[in-house]
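Every chain is numbered from 1, with letters handed out A, B, ... down the list of sequences. This one's a predicted model, so the numbers in the text were calculated from it and none came from an experiment.
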Amino acid sequence: MTEASAATPDATPEATPAPSPAPEAALPKTYDPSGTESRWQQAWEQSGAFHPDPAAAGEPFAVVIPPPNVTGSLHMGHAFNTALIDTIVRFQRLAGKNVLCLPGTDHASIAVQTILEKQLKAEGTRKEDLGREAFLERAWAWKAQSGGTIVGQLRRLGYSVDWQRERFTLDGGCSAAVVEAFNRLHEQGLIYRGEYLVNWCPASGSAVSDLEVEMKEVDGHLWHFRYPLSDGPAAGGTTHLEVATTRPETLLGDTAVAVNPKDPRYASLVGLTLTLPLVGRQIPIVADEHVDAEFGTGCVKVTPAHDPNDFAIGQRHNLPLITVMAKDGTMNQAAGRFAGLDRFEAREAVVAAMEAEGFLVKVEPYRHSVPFSDRGKVPVEPLLSTQWFVKTEPLAARCREALDPPGGDPAQPHFVPERWSKVYRDWLTGIRDWCISRQLWWGHRIPAWFVVSETGGAITDTTPYVVARSEVEARAKAHVQFGGGTHVHPLVLEQDPDALDTWFSSGLWPFSTLGWPDAEAADLARWYPTSVLVTGFDIIFFWVARMTMMAGAFTGQMPFKDVYIHGLVRDEQNRKMSKSAGNGIDPLLLIERYGADALRFALVREVAGAGQDIRLDYDRKSDTSATVEASRNFANKLWNASRFALINLGGETPASLGEPDPTALQLADRWILSRLARVNRQTAERYGSYGLGEAAKGLYEFAWNDLCDWYLELIKRRLYVGADLDAVAREAALADQRTARQVLAKVLTELLVMLHPLMPHLSEELWHGLTAEPQGTFLALQRWPRFNSAQLDGPLEEAFAELIEAIRVVRNLRAVAGLKPSQSAPVQFISGRPELAAVLRQARADITALTRAERVEVLSPEQADAARSAAGGQRALAGVSGELQVVLPIEGLVDLDALRSRLEKDIAKADKEIAGLAGRLANPNFAGKAPPEVVAECRANLAEAEAQAQLARERLADLAD
RNA sequence: GCCCGGUUAGCUCAGCGGUAGAGCGCCUGCCUUACAAGCAGGAUGUCGCUGGUUCGAAACCGGCACCGGGCACCA
């Protein structure tokens, strides 16, 4: 099949005839994923296999992927997320749903702008020199190139997304959605503009939201300063207050000192005035609950313009706000003689001055948290600044209500694992307003126009503005409000130069990509709300909560039914992979080495405990991963199982062979069909309920252990029909061969369908090889195999497990005794259980084949005793499994010592079990209180263990002479 | 400070009330006409510590220890 399909993927899908089943010679012994994977990726995409029609039948199922940043290249986190999403989505497609999986990228405003500014700097220029327009042009050009990288890399994973619907958060549709969303929120009073203390990142020259600030422990100092009372010693002789600070430079902006109102030490001083050192400003002593009397001296300097807590104190006490720092992180004119110094230089200088003037009491080393900008990697500065904000509480309230609906309706969205809903709920409770404006150029420009003609042509904090959907609309609105248009005083508008937080547009992603705000959009009508959001826990606040808030406001419902939260992929030393640490493991390298299917399977297989981080082992010297290699080996196992089938199906396909006649089925056939049905039901259940790791493991075990290790081995003797048979025997053998072929073909093809969500390329390739379907037909678009409960046979599976165990005992005995693999030996089974004896008799030919038995006898204990006394006690290899005795009556050429030690081990094991069980049964409470069936089982086990020990002792005694 | 995870075989992890499991690794033997990326056989654990509940605990409850994460932070 490799040869046949490699030439032209699918020039004309419908017309391409089925490739003739490949002759076995054409099939290599090992699977080479490289060509196969890209071939199917192209075929799927070119045929539009994953481009759904909203009008098509089938229950809708939609996923919008978390859009990776255009700055990025594929990392393991993307690969993991993709593997999970694609597994879910491919399963739902097989399940017959009308599936949309929509891809796209995020414009990542700060990240991109930082990169571009770095480039400009290297070229010795600045964005201001370029101008806004040229800068943006350059940004788009950069995006076209870089954005293509990650998209191309996602394709290599075999992502079954609809590339025709690919979106970008800054494309026309998304931009229109952003403008509409901004306007509507503004109309509802949920967007406002004002001067507040914001997190200012001096590195990027922009405000950032609370979420983009990361607290870091830093070794700093605590400086103790003395602030003198202005009007001389107070009652009690106090001449000054001592305050402590980690940020001396801010004292230049102090407008009060606060103490706790209940602090007896300072009660009498509240209301008095201090003289601020270096500055000379008169500042009051105020009483405020926020102050912890226990900490330090119990006095806190208050700098409302440079600290959030102080800002709050300032509000409560009506304190003036004095900003002493400029937006670039240097001290401004208000800092007096320190003006112009960088904030860190100013710190040194202020301390030096305080010391020189005798206000420094002491300095102590102090470890404390400092807010850092996520992007800029520098400490953020709380600064007073006029920005745009979203009033979040009303939006959050709606989300909380959806999560805990009155009347006990199901939570929306439903988190998997459940525990993340608590994290989400907690964050939505006591949420703070969201600063959405950024002093950046790359991004969605804020749809607000300042009426600069009202303030002398410049944008000031008092310039009136209108929010509108376009400049034309803005002008009209301004006209109404400000008249204007006269020759004396023409109306001049200027759009706000700032851009919106990237996450504002990300928050609209689940519906902006489906056509919102066009309520009639076919995709929106068909696929919204989406079915599930799959993402890492690290962006629950950034993204998940923003989407639910926006969706609640604009669509009136939660944007997805389920939220499947997965963990992070960690490196071989359990470290978080990060660009800065340079410990990322390149998924593309692993794909090249092992194949995308192997990587995907490995990632999903590891995920069993949903939501847990997974560790990917990796050898950096050789760029190999044992985990992924194991999955590659599994892929190869499947390849070879299919190869075996192709060689042995006599050129037939599952379709030409048809369903097997139930009455013709042999024991092994019924067993594998029962296992198949069980795995079918179990796997569908797991895929459908986010048990992806379990699904992968279950299929792995079924494919490798049940199918390859046992079923394929068992049917070999039936598939190879000898030429030396007479006509009657030959006819029977051929009929049986056909049954085996039918079962084999059925089991293997259905297995491939079930594996398809996990290993899409390999399964597609093998499925075509087996079914000889035309190239334009895809496994990806087939139906999940029908579950046939009639095939389920629990008792048969149990009996078969015993048969397997019996064969294992024989093999073990042979190994212990040192028999050569080529050497055949007679096998005797002795069982007192007629059912087991019957199974063993039925499987006699199988046992012969699998154990190199010379002959197989199945005896009752009575028959065995008779035979033994007749033979006068005989040396034999013997073992026990349950009540079953396995005897290989063979003389000579046998390692008796090994055999003895095996029996001794058996005895020891049985004795230990006997001791445990007898102990339990001896406890009167056990018999009295445990459920009867447990007691009965215990008794049975004891009896069996005792019998086992006795049998082993007898056999050991036989060996003694 | 508050809130989540985790602690089981050398490694990565399942198991979540009836006397310990898988994969990888390891040991032994096999080029058995699908697969040496394989086959067969084998070894390996006071299930973090400590109380308790129970006839019975790796599992349930309490405490402790250690590892990891999140949130909020006192100058």
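Between Gln612(A) atom CD and rC13(B) atom C1' the separation is 10 Å, expressed in whole Å. Remark: C1' of rC39(B) and CG of Asn705(A) are 13 Å apart, rounded to the nearest angstrom. Whole-Å rounding puts the Asn640(A) CG to rC39(B) P distance at 10 Å. Distance Glu933(A) CD to rC55(B) P: 16 Å, rounded to the nearest Å. Counting to the nearest Å, the P atom of rC39(B) and the CG atom of Asp709(A) are 6 Å from each other. Put simply, CZ on Arg643(A) is 14 Å from P on rA37(B), counting in whole angstrom units. Atoms CG (Asn941(A)) and C1' (rU19(B)) sit 9 Å apart, rounded to a whole Å.
Residue contacts shown for Arg615(A) are limited to sugar-phosphate atoms, with no base heavy atom under 4.0 Å away. Across all strands, Leu712(A) comes closer than 4.0 Å to base atoms (heavy-atom distances). Looking at heavy-atom distances under 4.0 Å, Thr245(A) makes contact with sugar-phosphate atoms alone, never a base. Across all strands, Asn636(A) comes closer than 4.0 Å to base atoms (heavy-atom distances). Counting any heavy atom pair closer than 4.0 Å across all strands shown, Glu713(A) reaches a base atom. Residue-level contact check: Phe225(A) touches neither bases nor backbone, having no heavy atom under 4.0 Å from any strand. The residue Pro924(A) sits apart from the nucleic acid: no heavy atom pair falls under 4.0 Å. Residue Arg808(A) is in sugar-phosphate contact alone, with no base atom involved, counting any heavy-atom pair closer than 4.0 Å across all strands shown. Among the heavy atoms of the strands lying under 4.0 Å from Val291(A) is at least one base atom, whether or not backbone atoms are also near. Using a 4.0 Å heavy-atom criterion, one finds that Lys422(A) contacts the sugar-phosphate atoms exclusively. Among the atoms of the strands shown, only primed sugar atoms or phosphate atoms (P, OP1, OP2) are found under 4.0 Å from some heavy atom of Trp704(A). Note on Glu913(A): a base of the nucleic acid sits closer than 4.0 angstrom, heavy atoms only. In this structure, Cys708(A) reaches the bases: a heavy-atom distance under 4.0 Å links it to at least one base atom across the strands shown. Looking at heavy-atom distances under 4.0 Å, Arg593(A) makes no contact with the nucleic acid at all.
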May I have the step-by-step check of salt bridge (Lys or Arg N to Asp or Glu O under 4.0 Å) for Lys262(A) and Glu289(A), ending in yes or no?
CA-CA 8 Å; Lys262(A) 295 199 192 81; Glu289(A) 290 288 353; 3.7 Å; yes
Would Phe225(A) and Phe359(A) satisfy ring-ring contact (aromatic ring centres under 6.0 Å, His included), going step by step from the backbone distance to the final call?
CA-CA 5 Å; Phe225(A) 295 132; Phe359(A) 296 113; 8.7 Å; no
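Ranked by how close their nearest RNA chain B nucleotide is to the 5' end, Asn633(A) and Asp617(A) are led by Asp617(A). Judged by closest nucleotide on RNA chain B, Ala630(A) is the one of Val370(A) and Ala630(A) placed further toward the 5' end.
One finds no side-chain N or O of Tyr424(A) lying less than 4.0 angstrom from the OP1 or OP2 phosphate oxygen of rC3(B). Distances shown here put a side-chain N or O of Lys29(A) below 4.0 Å from the OP1 or OP2 atom of rC35(B). Lys576(A) has no side-chain polar atom (N or O) that falls below the 4.0 Å cut-off from OP1 or OP2 of rG68(B).
Comparing the C1' positions of rG21(B) and rG63(B) gives a spacing of 30 Å, expressed to the nearest Å. rC31(B) and rG45(B): their C1' atoms are spaced 36 Å apart (whole Å). Spacing between rC24(B) and rA20(B) at atom P, rounded to whole Å, works out to 23 Å. Separating the P atom of rG48(B) from that of rG15(B) is a span of 15 Å, rounded to the nearest Å. For rA9(B) and rU46(B), the P atoms lie 9 Å apart once the distance is rounded to whole Å. With P as the reference atom, rC16(B) and rC66(B) are 30 Å apart, rounded to whole Å. The separation of rA57(B) from rU53(B), taken at their C1' atoms, amounts to 10 Å, rounded to a whole angstrom. Rounded to a whole angstrom, the distance from the P atom of rC55(B) to that of rC64(B) is 28 Å.
For RNA chain B, if you chain together Watson-Crick or G-U pairs that step i with j, i+1 with j-1 and so on, the runs of at least three with distances under 3.5 Å are B:1-7 with B:65-71, B:10-13 with B:21-24, B:26-30 with B:38-42, B:48-52 with B:60-64.
At a cut-off of 3.5 angstrom, counting only N and O atoms as typed in the model, there is no donor on one side facing an acceptor on the other between the side-chain of Thr627(A) and the base of rC24(B). For a distance-only test at 3.5 Å, the side chain of Arg811(A) fails to qualify as a donor-acceptor partner of the base of rA40(B). A donor N or O paired with an acceptor N or O is found under 3.5 Å between the base of rC35(B) and the side-chain atoms of Lys637(A). In terms of polar N and O atoms assigned as donor or acceptor, the side chain of Lys716(A) comes within less than 3.5 Å of the base of rA34(B) in a complementary pairing.
Here the closest non-hydrogen pair linking Arg814(A) and Ala825(A) is NH1-N, 3.8 Å. The minimum heavy-atom distance between Ser578(A) and Asn583(A), with the atom names listed, is N-OD1, 2.8 Å. Closest of all the heavy-atom pairs between Leu211(A) and Trp427(A) is CD1-CZ2, 3.9 Å.
Between Arg593(A) and Asp623(A) there is no salt bridge, since no side-chain N of the basic residue sits under 4.0 Å from a carboxylate O of the acidic one. Salt bridge annotation for Glu249(A)-Arg247(A): present, with a cationic side-chain nitrogen under 4.0 angstrom from a carboxylate oxygen. Using a cut-off of 4.0 Å between Lys/Arg side-chain N and Asp/Glu carboxylate O, Lys697(A) and Glu606(A) are scored as not salt-bridged. A salt bridge does not link Asp310(A) to Lys301(A): none of the charged nitrogens lies less than 4.0 Å from a carboxylate oxygen. One finds a salt bridge joining Glu572(A) and Arg620(A) here, because a Lys/Arg side-chain nitrogen approaches an Asp/Glu carboxylate oxygen to under 4.0 Å.
Listed by first and then second residue, the side chain to side chain donor-acceptor pair (under 3.5 Å) pairs that reach into residues 702-713 of chain A are Asp669(A)-Tyr711(A), Arg675(A)-Asp706(A), Glu713(A)-Lys716(A), sequence neighbours excluded.
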